[in-house]
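In this text the structure is predicted, and so the values were computed from the model without any measurement. Each chain gets a letter, A, B and so on, in the order the sequences are listed, and its residues count up from 1.
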Amino acid sequence: MLRSCAPSGLCGRLFRICLLRLAYRACLFYKGEVTTSEPPSPSLFSPMPEGSGSYLARLNPEQRAAIETTDGPLLVLAGAGTGKTRVLTTRFAHILLTGRAKPWQILAVTFTNKAAREMRERVGLLLGAPADGLWLGTFHALCARMLRRHAEYAGLTQGFTILDTDDQLRLLKQVMEPWRIDTKRWPPPGLLGVIQRWKDRGLTPARVTPAEDTDFANGHARAIYEAYQARLLQLNACDFGDLMLHVTEILRTQPDVLAQYHRLFRYILVDEYQDTNTVQYLWLRLLAKRPDGAANICCVGDDDQSIYSWRGAEVENILRFEKDFPGAQIVRLERNYRSTRHILGAAAGLIAHNADRLGKTLRSGRDDAEGDKVSVTGVWDSDAEARIVCETAESLRAQGHSLAEMAILVRAGFQTRAFEERLVQTGLPYRIVGGIRFYERAEVRDAIAYMRALTQPADDLAFERIVNVPKRGVGPAALQKLHAAARAAGVSLSVATAQLVENATLKGKLGEQLGKLMTALATTRDIMARDGHVVAIEHLLEESGYLDMWRQDRSPEAPGRLENLKELVRALADFGTLGEFLEHVALVMEHDENAQEARLSIMTLHGAKGLEFDIVFLPGWEEGVFPSQRTLDEGGQKGLEEERRLAYVGITRARKQALIFHAGSRRIYANWQPSMPSRFLDELPDEHITRNDEGGMRHRGLHSTDSVFANGPVIARRRRDPLADDATSLQLGDHVRHARFGVGIVIAADRHHVEIAFENAGTKRLLSSFIEKL
DNA sequence: GTAATAATTATTTTT
DNA sequence: TAATTATTAC
């Protein structure tokens, strides 16, 4: 994934690698036993007298309170741009520097690897030394670490594999077969979703009540879930949700394990608490609540930025904090140091429309200029929108703003296309953040499957993936045979295949090819023992014929794929062992790109959370797109509020300027659809916004034709001045013309839109400025 | 077992 | 529209 913000790519990377190695060594060192004794590396933290640290200087009183309230439960409600990360990292350092805990006695949890990395770097900076040997990481990374120690309680062994989404789905499809489910009506990805939601809620198959099992796959969902879990154990594998689920289940049922962690962790810090799901909440509560009732847990979050409910996040966790942890203190961080007053005012006015809030008001923490108002621009169609956004970006760059400080934030992926096309034409450097990530590319996954098959003989999924890539004549029929042999002998696919090759049961080309594959795997193991994993993997990819497959491929992508494989082998060298590398791949799924020139970023609003830019473009603020129709249909009022929070997140990403756009019609799939301005626009306080609806249309008018029925929206040339057609000039009963829908009569009108009964296009609600009066 | 053709279906995706 | 996926014919 491309992420621009790491200040020093190489440094951060080396740093992370060091930590990963350390974590891994720690794993081996502890192996199944949680110890509260000193870790191998001596620490250099000596206690300091209370409050004397210079690190506390230049904090505002609320931030200071959030840091110095060390004991007991604490909820820090941190609005956007109020210095949340600073509080979290300083609090971490404070606990260490005042001698309240040793580095390994603090559990610090984040959602993203990026946040974990940033926190580790900043804590290290505050301490003046690299922060090693910490329990600091994402929920999943920490759980993976715990689960490797206690794997046997979950029915796994220490070296279990973590499956990616691809494997999960393939596995589920296999497991579903005996049920003969109608996959048209009950698509496997849907069922996988159901299972994931169960896991999000901490429900093992045994904990799923029959009442919850009625809706999917004719009530077989729970049974399939159970079979799926059983199969995972056979493969010595777990999926992503299992990392949380297994550990939580162990903590629930193994009091001695829980007690070990209670002894270990004196303080718990949690970032982005509003995004926790139920298992994560249970996991935290189990670890935080000691037998004596004490709980030194500090959760930082913002209920107004909860945008992941569709992934199982429960805003209720943060809303309920005081009940969960009696005696909890609450600190509100409301002073924003990021954005101008108008941006804050617009965001505050918008979010005030939400009902379920803990209530927070962002105030400006800076005394500098008011800044520009948030601009709202109505344009003719989605093409015009892309054009104006790109032109604006270009002229802002000419005024001295770096493209690296600008971002286009869209609601959904399909919106990126129009911008991309336009940017290619314009020649502005851009990047799309959150596309296919390096480790998700087919060739990279294939190569990783080779590595998994190498290290994990039980990993049937990896073996299945590579057995016929490159083509070795193993089709469904041959695979069936291998499966049957494996089942009969009670061994894994690769072991069974090796046996069949050995005793020459497989004849002809098939036997020969598979023989070569098994030899390649065997020789690679020898080489790995002798020359290390990098040389070994090079050998494996070569001998298996995988590299040749791409070398012979004449498609235009092939050279790029080979390049990616080269890069993969290069990355391999950053890790001490193949196991470390595979853990990194499974958990981190990130890959550093070399630093490049300043680029304009295009990303989804979800992807922008936690980032900030000088200038933010917010296109597509139209009903149906944003708020998204689907969320509205599925989530009702709650869905609307989440969309509104997303809008709030979008606006508050901007430091200096937020530019909102909406188009009169938008091409969705094949055809043009009329679109109404988003209701969120009406919720922005007038005093903080400027409207400039004419911009795109005047421009467009020059190139348009007379035809009302032309392919694509056009403005009739007859129209002299778009500004003259103000909303106020339209009355009920007026005869009007719309470029796409022809002529009609106004049947309703308010400040911004009118409803028109068209002769040929039915009744539509439209923005009044797109209407021409006859 | 593969290649060509038909059919299907379109959010958000921290790990 | 366009990309992915299932089906069918070879």
Whether the side chain of A:Q415 engages the backbone of A:V410 through a donor-acceptor N/O pair (distance < 3.5 Å, no angle test) should be reported.
no
What integer distance in Å separates A:K173:NZ from C:dA6:C1'?
11 Å
Answer yes or no: does a side-chain N or O of A:R666 lie under 4.0 Å from OP1 or OP2 of C:dT1?
no
Going by centres under 5.5 angstrom and planes under 30 degrees, do the aromatic ring of A:W310 and the base ring of B:dT12 stack?
yes
To the nearest angstrom, how far is A:F139 atom CZ from B:dT15 atom P?
13 Å
Report the distance from atom CD1 of A:I307 to atom P of B:dT14, rounded to the nearest whole Å.
11 Å
Anti or syn, where syn is a glycosidic angle within 90° of 0; which label fits B:dT11?
syn
A:T161: which of A:L235, A:D459, A:L461, A:L232 passes side chain to side chain contact (heavy atoms under 4.5 Å, CB included)
A:D459
Do you know which of A:R666, A:R411, A:H662 makes side-chain hydrogen bond (donor to acceptor under 3.5 Å, both in side chains) with A:E622?
A:R666
Where A:L203 and A:Y225 come nearest, the two heavy atoms and their spacing
O-OH, 2.7 Å
I want to verify a distance call: between B:dT14, B:dT15, B:dT13, whose nearest atom is closest to the A:H606 side chain?
B:dT13
Can you tell which of B:dT14, B:dT12, C:dA2 lies closest to the side chain of A:R417?
C:dA2
Classify the side chain of A:R311 and the base of B:dT15 as holding, or not holding, a donor-acceptor pair under 3.5 Å.
yes
Separation of B:dT15 atom C1' from A:L147 atom CG, nearest Å, is 15 Å
Phosphate OP1/OP2 of B:dT15: any A:N113 side-chain N/O under 4.0 Å
yes
Assess the residue pair A:W283 and A:F139 against the criterion (ring-ring contact (aromatic ring centres under 6.0 Å, His included)); give the C-alpha distance rounded to whole Å, side-chain angles, the decisive distance to 0.1 Å, and a yes or no.
CA-CA 9 Å; A:W283 183 81; A:F139 276 102; 5.6 Å; yes
Using a strict 4.0 Å threshold on nitrogen-to-oxygen distance, state whether A:E612 and A:R653 make a salt bridge.
no
Taking salt bridge (Lys or Arg N to Asp or Glu O under 4.0 Å) as the criterion, tell me which of A:R445, A:R441, A:R437 meets it with A:D164.
A:R445
Separation of the P atoms in B:dT12 and C:dA3, to the nearest angstrom:
16 Å
Rounded to whole Å, the CZ-C1' distance (A:R645 to B:dT12) equals 13 Å
Would you check if A:L147 and A:C238 make a side-chain contact, meaning some heavy-atom pair closer than 4.5 Å?
yes
C:dA2 C1' sits how many Å from A:Q415 CD, rounded?
18 Å
Nearest-angstrom distance from the residue atom CG of A:L169 to P of B:dT13:
19 Å
Using atom P of each nucleotide, how far apart are C:dT4 and B:dT11 to the nearest Å?
12 Å
Short side-chain donor-acceptor distance under 3.5 Å, A:E420 and A:Y430:
yes
Value in whole Å for how far the C1' atom of C:dT1 lies from CD of A:E421
11 Å
Please, what dot-bracket string fits DNA chain B when only Watson-Crick and G-U pairs with both distances under 3.5 Å count, crossing ones use [ ] and pairs to another strand use |?
||||||||||.....
Is the shortest heavy-atom distance from the side chain of A:V109 to the side chain of A:D271 under 4.5 Å?
no
Identify all pairs in which a protein N or O lies below 3.5 Å from an N or O of nucleotides 1-11 of chain B, and state each distance.
from   : atom 1 : to     : atom 2 : distance (Å)
B:dG1  : OP1    : A:G473 : O      : 3.3
B:dG1  : OP1    : A:G475 : N      : 2.7
B:dT11 : O4     : A:T631 : N      : 3.1
B:dT11 : O4     : A:T631 : OG1    : 3.0

